[in-house]
Amino acid sequence: MRVILGSSSSAIVTAQTDRYDRRTESKPKHKPSSNHSVSKLSSSSSSSSTVSSSIPTVNTYQAPLLSAVPWDLTSDHRYCADLASKLAEDGRLQDFAMIVESVVVSGGNASKFVSMLCVELVSCGIVRSLREGRIECVVEVLEKVDKLGVAPLKLFDGCGMKLLRNECRRIVDSGEVEKFVDLAEVLAGFQFPIKELGNSSHIVQFCVDKRDANLAIRYACTVPHAHVLFCIIIREFGKKRDLMSALTAYEASRKYLSSPNMYICRTIIDTCGMCGDYMKSRFIYEDLLCQNITLNIYVFNSLMNVNAHDLKFTLEVSMVSWRIWTSYNILLKACCLAGRTDLAQEIYREVKHLESKGVLKLDVFTYSTIVKVFTDAKLWQMALKVKEDMQSADVTPNTITWSSLINACANAGLVEKALHLFEEMLQAGYAPNSQCCNILLQACVEACQYDRAFRLFWSWKQSPTQEISGEDYDGNYNRISSVDHKDKQCATDTPKFVLNSPHSSFVKSFPFKPTTTTYNILMKACGTDYYRVKALMDEMRTVGLSPNHISWSILIDTCGESGNIKGALQILKIMRADGVSPDVVAYTTAIKVCVKRKELKLAFSLFEEMKQYQIQANLVCAQDLLSVNDV
DNA sequence: TTAGGGTTAG
């Protein structure tokens, strides 16, 4: 038999006719006796089954007609509480909620009702409803009992909480994050541990992917560690280059949190830098100053770092803030960016002096930065001197330091020295990454040591892949694991390996992953041998790399230089068909080929074609065309 | 918190 419960149209229940008590069609003649032992809110001794069997007089199938009788539910708190408890136990949470609501509305003695309510039965009902996926009913009950002054959290035992967690996880996993946040807001109001109900980074990531700053903010406000989530939200929006959303989250955090949080301040400043809006970082800084907020050194450092390209500003900030060693490192970076080798050296001397007095300790960051300063200034001897300084100070160079030192020599055209450092790096147990290898290859090519570049490349390719401690395949911060190489084909075992050091037989090999740039450098090393260049481009594809516009430009150049103008022009077309639109360099290369071969008409037609594609000619292109007059 | 690096036309 199907019965609709009173005015609550949502409460549709199905009852078996044989269990339906016809006596309830009129005012209940039977009321529960007042002496049965119902476990109360304050009681925790009775199990739910015991409690359930202890109220035999209440038949919940009476409920369908409760609203139809002229009977004040709240007049008998005992009966009312027992019935409500039993309805809850049967999973009829909406009916339960209706009774609770009527208690609240009637203004009756709610505390008396509460004292007689069986919390274990209600808990059972909640568990049952959660198992049936009726979270909305549960929320309705929580809201109702809260009005009665019952803490909703008390209705959740371990099982209930576990089911709630599972339901929340299901909601989030099915992409209904907004629904989860709605729920989290309600539950947070009832002091539920929101952090345990969902994977916060997963939820934040979802909001960020959807570019929904407000949803992310609403979620952050439901957890006790809101400041941590605000940081994550700001940073994640920064990674998406969505500064507007990051700023929205920052402003929301300022309003929500009682005091400014330095982690958040630092994060928003870092994010401004990440998004390329350093001026915004200054506005934020000035705004904080205007409000007389005391900033810590980390905020100052972030501000200096984001504005490192502006040496004047960075120095000004460094004057008003405390300095710790990281501040000096950032100042060195600012000097480096400004090309102020003199000032960098002055700072380097100052920090070394402070170190000798025990005020601070130079770290690997300081040394690596100063190596870069000297590299940029082509002062390779000074860069190598830093390596000695490190040894004296007992600071171990890491992958970045080694790469920087190698670059210092490579930049100065010192192939031998660069290779020697490379070997030292391997012996020290550091694995070079692709860029480091490319630096060496480029150094060889610049020095016209083409064969050497190829021999290096082949030897790296042939070296057995080894386990590297850590996950980062790029080799950053990774040490080569101490594998016994005697039984392995070591890099030096290959006949074409070029290192001549007496120690080279002990050099460990490393996982080498060529990049498009690697192949481009090698293509340049082929000179005018078009077929060799072409073969390298094919190899590039076979190892899963795609030629970029630089690869194509080199191919055009080589083809043209070998005298095949038609072929060069054909490549320009193939390049476009391959999905790489020719840029000004590709066109200029082709134009140069035509000009050299006195194909002036072709050169100008290419120039016209370039304009049709709305590619802006630059000085190099113009010079090539102007050189027509010299032909 | 902070540090590094590669390729094309001229």
Among [options], which nucleotide has an atom closest to any side-chain atom of [X]?
{"X": "A/Ile439", "options": "B/dT2, B/dG6, B/dG4", "answer": "B/dG6"}
{"X": "A/Ile521", "options": "B/dG4, B/dT7, B/dT2", "answer": "B/dT7"}
{"X": "A/Lys372", "options": "B/dG4, B/dT8, B/dT2", "answer": "B/dG4"}
{"X": "A/Asn520", "options": "B/dA9, B/dT2, B/dT7", "answer": "B/dT7"}
{"X": "A/Val620", "options": "B/dT2, B/dT7, B/dA9", "answer": "B/dA9"}
{"X": "A/Gln442", "options": "B/dG4, B/dT7, B/dT2", "answer": "B/dT7"}
{"X": "A/Ser404", "options": "B/dG4, B/dA9, B/dT8", "answer": "B/dG4"}
{"X": "A/Asn301", "options": "B/dG4, B/dT1, B/dG6", "answer": "B/dT1"}
{"X": "A/Asn329", "options": "B/dA9, B/dT2, B/dT7", "answer": "B/dT2"}

Has the side chain of A/Asp583 got a donor or acceptor that lies under 3.5 Å from a partner of the other kind on the base of B/dA9?
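Between B/dA9 and A/Asp583, which were checked side chain against base, a qualifying N/O pair under 3.5 Å is absent.
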Tell me what [X] touches on the nucleic acid: a base, only sugar-phosphate, or nothing, going by heavy atoms under 4.0 Å.
{"X": "A/Asp270", "answer": "nothing"}
{"X": "A/Asn407", "answer": "sugar-phosphate"}
{"X": "A/Thr589", "answer": "sugar-phosphate"}
{"X": "A/Ser368", "answer": "base"}
{"X": "A/Thr517", "answer": "base"}

State whether the aromatic ring of A/Phe365 stacks on the base of B/dT2, taking stacking to mean ring centres under 5.5 Å apart and ring planes under 30° to each other.
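Aromatic stack with B/dT2 present for A/Phe365.
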Measure [atom1]/[X] against [atom2]/[N] and give the value in whole Å, please.
{"X": "A/Leu456", "N": "B/dG6", "atom1": "CG", "atom2": "P", "answer": "18 Å"}
{"X": "A/Lys513", "N": "B/dG6", "atom1": "NZ", "atom2": "C1'", "answer": "16 Å"}
{"X": "A/Met274", "N": "B/dT1", "atom1": "CE", "atom2": "C1'", "answer": "12 Å"}
{"X": "A/Leu405", "N": "B/dG4", "atom1": "CG", "atom2": "P", "answer": "13 Å"}
{"X": "A/Leu421", "N": "B/dG4", "atom1": "CG", "atom2": "C1'", "answer": "14 Å"}
{"X": "A/Gln435", "N": "B/dT7", "atom1": "CD", "atom2": "C1'", "answer": "11 Å"}
{"X": "A/Ile556", "N": "B/dG10", "atom1": "CD1", "atom2": "P", "answer": "13 Å"}
{"X": "A/Tyr587", "N": "B/dT8", "atom1": "OH", "atom2": "C1'", "answer": "16 Å"}

Residues [X], [Y]: salt bridge by 4.0 Å N-O rule:
{"X": "A/Lys611", "Y": "A/Glu608", "result": "yes"}
{"X": "A/Asp342", "Y": "A/Arg340", "result": "yes"}
{"X": "A/Glu599", "Y": "A/Lys566", "result": "no"}

So, A/Tyr328 versus A/Phe365, ring centres under 6.0 angstrom or not?
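No, too far apart.
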Does atom CD of A/Gln291 have more than 12 heavy-atom neighbours from other groups under 6.0 Å away?
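Result for CD/A/Gln291: enclosed.
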Parallel, tilted or perpendicular, judged at 30° and 60°: which one describes the rings of A/Phe313 and A/Tyr285?
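The arrangement is perpendicular - the two ring planes meet at more than 60°.
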Phosphate OP1/OP2 of B/dG10: any A/Lys592 side-chain N/O under 4.0 Å:
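So the side chain of A/Lys592 is within the cut-off, an N or O lying under 4.0 Å from OP1 or OP2 of B/dG10.
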Has A/Lys524 got a side-chain N or O lying under 4.0 Å from the OP1 or OP2 atom of B/dA9?
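Yes, such a contact exists.
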